[in-house]
Amino acid sequence: MIQSTTKLPATKTWTWQGFPICYQTQGSAGPAVVLVHGFGASWWHWRKNIPVLAENCRVYAIDLIGFGASAKPKPGEEIAYTFETWGQQIADFCREVVGEGAFFVGNSVGCIVVMQAAVDNPDIALGVALLNCSLRLLHDRKRATLPWYRSAGAPLLQRLLSIKPVGKFFFNQIAQPKTVRSILLKAYANSEAVTDELVDILMAPVSDPGAVAVFLAFTAYSTGPLPEDLLPLLPCPAIILWGTADPWEPFELGKQLANFPKVLKFIPLEGVGHCPQDEAPELVNPIIQDWIGKMSSDLRF
């Protein structure tokens with residue numbers, strides 16, 4: 001049980017393809033906005049954003065299938081954990097729960113998910129905001145640009161992790177509070193943002209049945225779309241926010257995404273790490289509010 005200092009309504013459950021999906025919602029008026037977390041996270045990663053955005057919007061934060069409190073069906077047998085799958089989950093959520101098109105806000109791999117949802121379902125996307133978008137640097141098509149030791153090392157690690165006992169041992173080593181805190185301290189530039197609550201949020205789902213298999217399925221996933229594949233196909237405008245101190249998704253590489261015509265703004269967040277919505281909500285929330293307000297005015301909400 002996560003002991004949160006942020007007061008939010010009880011979560012709700014939506015059944016998708018026979019599986020229970022957890023989501024949070026707040027706000028009764030205004031345009032809809034759907035928040036999509038990154039790898040290993042959950043809707044809780046938006047706890048500092050939901051109440052603020054709900055002042056003027058109907059806010060929905062969803063746990064992707066395989067993560068958070070959503071179902072974790074067997075990879076490859078019951079479901080394929082791909083961006084196409086998650087994109088369809090978001091599109092169906094908009095149609096069945098939200099009831100209309102929405103603004104999408106994603107963090108890390110959640111950015112790829114929301115872009116995939118928009119590209120495959122143009123009718124449900126009003127705009128996308130990408131926060132430190134995953135560049136997927138270990139993708140098969142990008143390994144050629146990496147140093148040889150990284151290019152060769154990643155496939156070797158993937159093969160090792162595909163051996164079930166090895167993969168389970170590796171997961172169990174990572175899924176420890178001390179290890180999670182250590183990883184977060186690298187991802188967050190401001191160590192004060194790495195709280196016990198945040199560690200609890202990321203630790204909560206690790207003991208769920210299926211959590212190990214989902215983790216290993218994603219670490220083996222080296223195909224699918226890259227951000228530069230999806231950005232030219234977007235049916236709606238985009239803005240990009242990027243914490244300049246991100247150790248995983250280099251700022252200089254991220255800036256190159258600003259060259260795509262659909263990207264209206266690229267906004268650096270100085271000294272912020274990989275998860276700006278949680279590390280620096282005081283910067284992110286006003287930007288997202290302003291963006292949705294201006295876009296909604298243009299769309300005549």
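As the structure is a computational prediction, the values presented were derived from the model and not from experiment. The chain is numbered in sequence order, starting from 1.
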NZ on Lys262 to CG on Leu264, rounded to 0.5 Å: 8.5 Å
In this structure, CD of Gln176 is separated from CD1 of Ile183 (nearest 0.5 Å) by 11.0 Å
Working note: Leu137 + Trp248, criterion side chain to side chain contact (heavy atoms under 4.5 Å, CB included); need CA distance, chi angles, decisive distance, verdict. CA-CA 9 Å; Leu137 295 176; Trp248 298 334; over 6 Å; no
Consider only side-chain heavy atoms of I, L, V, M, F, W and Y, link residues closer than 4.5 Å, and tell whether Phe39 and Trp242 are in one cluster. yes
Sole residue of Leu231, Leu130, Leu257 in side chain to side chain contact (heavy atoms under 4.5 Å, CB included) with Val263: Leu231
Taking the six-membered ring for Trp, are Phe93 and Trp14 ring centroids under 6.0 Å apart? yes
Close aromatic pair by centroid cut-off 6.0 Å: Phe83 and Trp86: yes
What are the two closest heavy atoms between Ala32 and Gly101, and how far apart are they? CB-O, 4.0 Å
His274 (side chain) donor-acceptor with Glu249 (main chain) under 3.5 angstrom: no
Establish, from distance only, whether the side-chain atoms of Ser182 and Thr179 form a donor-acceptor pair under 3.5 Å. no
Would Gln116 and Leu230 satisfy side chain to side chain contact (heavy atoms under 4.5 Å, CB included), going step by step from the backbone distance to the final call? CA-CA 7 Å; Gln116 187 73 61; Leu230 296 171; 3.9 Å; yes
Side chains of Pro232 and Phe260, heavy atoms from C-beta outward: is any pair under 4.5 Å? yes
Would you check if Ile50 and Leu8 make a side-chain contact, meaning some heavy-atom pair closer than 4.5 Å? yes
Kindly say whether Leu216 contributes a backbone atom to a donor-acceptor pair with the side chain of Thr219 at under 3.5 angstrom? yes
Looking at Pro237 and Leu126, what are the two nearest heavy atoms and their distance? CD-O, 3.8 Å
Salt bridge (charged side-chain N to carboxylate O under 4.0 Å, His left out) partners for Asp63, two or more places apart: none
So how far is it from Phe266 CZ to Phe251 CZ, rounded to the nearest 0.5 Å? 4.5 Å
List the atom of Glu279, the atom of Tyr188, and the distance in Å for their closest heavy-atom pair. OE1-CA, 3.4 Å
Just by modelled atom types, is the Pro9 backbone N or O under 3.5 Å from a matching donor or acceptor in the Gln24 side chain? yes
Output yes when a side-chain donor or acceptor of Lys72 lies under 3.5 Å from a complementary backbone atom of Ser70, and no otherwise. yes
With a 4.5 Å cut-off on side-chain heavy atoms, are Pro281 and Val52 touching? no
Tell me if a side-chain donor or acceptor on Asp290 pairs with a main-chain N or O of Ile287 at a distance below 3.5 Å. no
Asp123 meets the side chain to side chain contact (heavy atoms under 4.5 Å, CB included) criterion, sequence neighbours left out, with Arg95, Asn121
Where is the tightest heavy-atom contact between Ala41 and Leu202, given as atom of each residue plus distance? CA-CD2, 3.8 Å
Going by side chain to side chain contact (heavy atoms under 4.5 Å, CB included), Val59 matches just one of Thr25, Val34, Leu53. Which one? Leu53
For the pair Arg47 (side chain) and Trp44 (backbone), establish whether a donor and an acceptor sit closer than 3.5 Å, ignoring hydrogens and angles. yes
Would the distance check show the side chain of Asp229 and the main-chain N or O of Leu226 forming a donor-acceptor pair, the cut-off being under 3.5 Å? yes
Can you list everything that forms a side chain to side chain contact (heavy atoms under 4.5 Å, CB included) with Ser191? Sequence neighbours excluded, please. Leu185
Non-hydrogen side-chain atoms of Asp196 and Arg181 separated by less than 4.5 Å: yes
Nearest-0.5 Å distance, CD1 of residue Ile65 to CD of residue Glu78: 9.0 Å
Under 4.5 Å between any side-chain heavy atoms of Cys94 and Phe104, yes or no? yes
Taking it one step at a time, do Gln289 and Asn285 satisfy side chain to side chain donor-acceptor pair (under 3.5 Å)? CA-CA 6 Å; Gln289 283 180 308; Asn285 288 338; over 6 Å; no
Min side-chain heavy-atom separation Trp46-Val105 under 4.5 Å: yes
Check whether Thr85 reaches the backbone of Ala80 with its side chain - one donor and one acceptor, N or O, closer than 3.5 Å. yes
If you round to the nearest 0.5 Å, how far is SG of Cys57 from CG of Leu35? 9.5 Å
Please check if the side chain of Arg136 supplies one atom and the backbone of Pro227 the other of a donor-acceptor pair under 3.5 Å. no
Are Val109 and Val113 close enough, and set up right, to give a side chain to side chain contact (heavy atoms under 4.5 Å, CB included), and what steps lead you there? CA-CA 7 Å; Val109 297; Val113 173; 5.5 Å; no
Gln277 to Asn49 - nearest heavy-atom pair and separation: O-ND2, 3.1 Å
Side chain to side chain contact (heavy atoms under 4.5 Å, CB included) involving Ala213 - partner list, sequence neighbours excluded: Pro75
Tell me, please, which residues at least two apart from Pro276 pass side chain to side chain contact (heavy atoms under 4.5 Å, CB included). Asn107, Leu131, Asn132, Leu269, Val272, Val284
Would you call Cys133 and Ile240 a side-chain contact if the rule is heavy atoms closer than 4.5 Å? no
Closest non-hydrogen atoms of Lys186 and Pro247, given as atom of the first, atom of the second and distance, are O-CG, 3.0 Å
Just wondering, are more than 12 heavy atoms of other shown residues or ligands nearer than 6.0 Å to CD in Glu282? yes
Residue set satisfying salt bridge (charged side-chain N to carboxylate O under 4.0 Å, His left out) with Glu252, at least two apart, ordered chain then number -> Lys255
Distance check, rounded to the nearest 0.5 Å: Ile90 atom CD1 versus Ile62 atom CD1? 4.5 Å
